[in-house]
Protein chains: 2
Amino acid sequence: MKRLNAKCKLWLSSKNIEGVFGDGKWRLLEAIDRTGSLREASKSLQISYRKAWGDLNKAQDALNVALVEKQRGGNIGGKTTLTSEGKKWIEAYSKFRADVEKAVGKAYEKRIEGLLK
Amino acid sequence: MKRLNAKCKLWLSSKNIEGVFGDGKWRLLEAIDRTGSLREASKSLQISYRKAWGDLNKAQDALNVALVEKQRGGNIGGKTTLTSEGKKWIEAYSKFRADVEKAVGKAYEKRIEGLLK
DNA sequence: ACTGGTTATGCACAACTCGACATATCGGCT
DNA sequence: AGCCGATATGTCGAGTTGTGCATAACCAGT
């Protein structure tokens with residue numbers, strides 16, 4: 001029997017909308033924080049700007065929170081920066097995710113590993 | 001801010017193959033145990049026989065374990081029953097899943113709920 | 001004004017998944 | 001030998017999701 005590993009895709013949903021927030025959007029926020037730009041963030045994550053833009057809006061609409069402040073035009077073209085709410089979400093989700101990852105690892109050791117002789 | 005809930009898609013992967021075992025295949029095994037037939041199992045889960053059959057084979061191939069014993073022909077056409085290994089997997093995965101679900105709930109309360117004023 | 005880089009947004013296209021359909025095969029019973 | 005219902009498997013089409021391309025709007029600086 002081969003060696004396995006447990007994976008877990010985590011996300012939050014509201015009553016009406018699936019995938020309000022999850023790993024992808026979390027990484028996106030982090031990348032925005034790091035780069036100061038939605039375009040640069042999408043590049044660094046190797047996803048299309050189109051998707052990054054859509055994801056960000058979806059999260060904001062669904063959560064009804066301003067996670068970022070976007071600015072068009074100007075000498076540098078524009079920028080996107082996190083709001084304090086956005087930073088809180090990164091922080092909270094990061095811990096949430098870490099808690100779950102840890103639990104998954106433990107549960108795997110406890111429940112599954114025994115089956116793999 | 002709206003009420004959210006945390007979701008978690010769990011699965012096991014081997015080095016080469018994604019999705020070796022997960023909720024879908026777990027439910028499939030349970031349904032097979034309950035019905036004694038792959039066809040009936042697929043019906044009760046409202047998935048196509050085609051998919052059920054493919055999933056089952058994929059799991060067995062990837063785990064390199066006989067989870068079920070299939071029998072073609074005969075007066076009742078055929079049947080599919082779990083092996084003792086199959087039963088062990090149901091049991092183990094069920095507990096694994098429950099552990100993780102519980103942890104997700106706790107982590108959600110601890111890390112996320114505070115953000116939702 | 002003009003420029004350059006970014007945000008904003010629609011649309012057509014490719015990849016992937018899954019379901020529906022079509023057949024073929026199998027093997028106790030009658 | 002023929003039947004019947006389940007397993008076995010390929011194939012085509014629909015729905016979903018993300019990418020790529022095109023284009024517009026924006027605006028501090030030169």
Side-chain angles (χ1 to χ4, degrees), chain A residues 7 9-11 13 16-29 31-62 66-83 86, chain B residues 7 9-11 13 16-29 31-62 66-83 86:
Chain A
K7 296 194 179 177
K9 182 179 164 66
L10 253 190
W11 73 98
S13 292
N16 307 315
I17 311 176
E18 254 318 86
V20 162
F21 201 93
D23 279 28
K25 297 182 178 64
W26 168 60
R27 272 192 285 269
L28 180 57
L29 286 190
I32 290 173
D33 195 25
R34 208 166 53 238
T35 60
S37 140
L38 184 50
R39 180 162 299 278
E40 285 305 312
S42 72
K43 277 184 196 167
S44 92
L45 295 179
Q46 309 222 268
I47 61 176
S48 64
Y49 174 81
R50 191 67 183 72
K51 174 167 165 55
W53 176 81
D55 283 358
L56 184 53
N57 285 353
K58 183 177 176 183
Q60 293 195 130
D61 287 356
L67 298 167
V68 301
E69 189 174 350
K70 304 179 195 174
Q71 204 172 109
R72 294 207 293 191
N75 57 338
I76 55 169
K79 60 180 180 173
T80 301
T81 52
L82 292 187
T83 63
Chain B
K7 296 193 179 178
K9 182 179 165 64
L10 253 190
W11 74 97
S13 291
N16 307 314
I17 311 176
E18 260 304 292
V20 162
F21 201 91
D23 279 28
K25 296 183 180 62
W26 168 60
R27 272 193 285 269
L28 180 57
L29 285 190
I32 290 173
D33 195 25
R34 208 166 53 237
T35 61
S37 141
L38 184 52
R39 181 162 297 280
E40 286 304 312
S42 72
K43 278 185 196 167
S44 92
L45 295 179
Q46 308 223 267
I47 61 176
S48 67
Y49 174 83
R50 189 67 182 73
K51 175 166 165 56
W53 176 81
D55 283 357
L56 184 54
N57 284 353
K58 183 176 177 184
Q60 293 196 127
D61 287 355
L67 298 167
V68 300
E69 190 174 349
K70 304 179 196 175
Q71 203 171 107
R72 293 210 293 193
N75 56 339
I76 55 170
K79 61 181 180 173
T80 300
T81 53
L82 292 186
T83 63

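Order of the sequence lines sets the chain letters (A, B, ...), proteins ahead of strands, with each chain counted from 1.
- Note: CG (Leu67(A)) to C1' (dT7(C)) measures 17 Å, nearest angstrom.
- Counting to the nearest Å, the C1' atom of dT17(D) and the CG atom of Asp55(A) are 11 Å from each other.
- An OP1 or OP2 oxygen of dA8(C) is reached within less than 4.0 angstrom by a side-chain nitrogen or oxygen of Lys70(A).
- Taking atom CZ on Arg50(A) and atom P on dC13(C), their separation rounds to 16 Å, with Å as the unit.
- Distance from the side chain of Lys51(B) is smallest to dG19(C) among dA8(C), dT9(D), dG19(C).
- Leu82(A) places none of its side-chain heavy atoms less than 4.5 Å from the side chain of Leu67(A).
- The backbone N or O of Ala66(A) lies less than 3.5 Å from a partner atom in the side chain of Thr83(A), making a donor-acceptor pair.
- Here Gly78(A) lies in heavy-atom contact (under 4.0 Å) with sugar-phosphate atoms only.
- dT7(D) atom C1' lies 14 Å from atom CD of Glu69(B), rounded to whole Å.
- The distance between atom CZ of Arg72(B) and atom C1' of dT9(D), rounded to the nearest whole Å, is 10 Å.
- No side-chain heavy atom of Tyr49(A) sits less than 4.5 Å from a side-chain heavy atom of Lys43(A).
- A salt bridge links Lys7(A) to Glu18(B): at least one charged side-chain nitrogen sits closer than 4.0 Å to a carboxylate oxygen.
- Side chain of Lys70(A) to backbone of Thr81(A): no donor-acceptor contact under 3.5 angstrom is found.
- No donor-acceptor pair under 3.5 Å is formed between the side chain of Thr80(A) and the backbone N or O of Gly36(A).
- Distance Trp11(B) CH2 to dT17(C) P: 13 Å, rounded to the nearest Å.
- Two residues, Ile76(A) and Thr80(B), neighbour DNA chain D, and the one matched to the more 5' nucleotide by heavy-atom proximity is Thr80(B).
- The phosphate of dA8(C) has OP1 or OP2 within less than 4.0 Å of a side-chain N or O from Trp53(A).
- For the pair Asn75(A) and Tyr49(A), both in contact range of DNA chain C, the more 5′-proximal nearest nucleotide belongs to Asn75(A).
- Regarding Asp61(A), its CG atom lies at a distance of 12 Å from the P atom of dA8(C), rounded to whole Å.
- At least one donor-acceptor pair closer than 3.5 Å links the side chain of Lys25(B) to the backbone N or O of Gly19(B).
- Put simply, NZ on Lys9(B) is 12 Å from C1' on dT17(C), counting in whole angstrom units.
- Taking every heavy atom of residues 32-47 of chain B and every atom of DNA chain D, pairs under 4.0 Å involve Ser37(B), Leu38(B), Arg39(B), by number.
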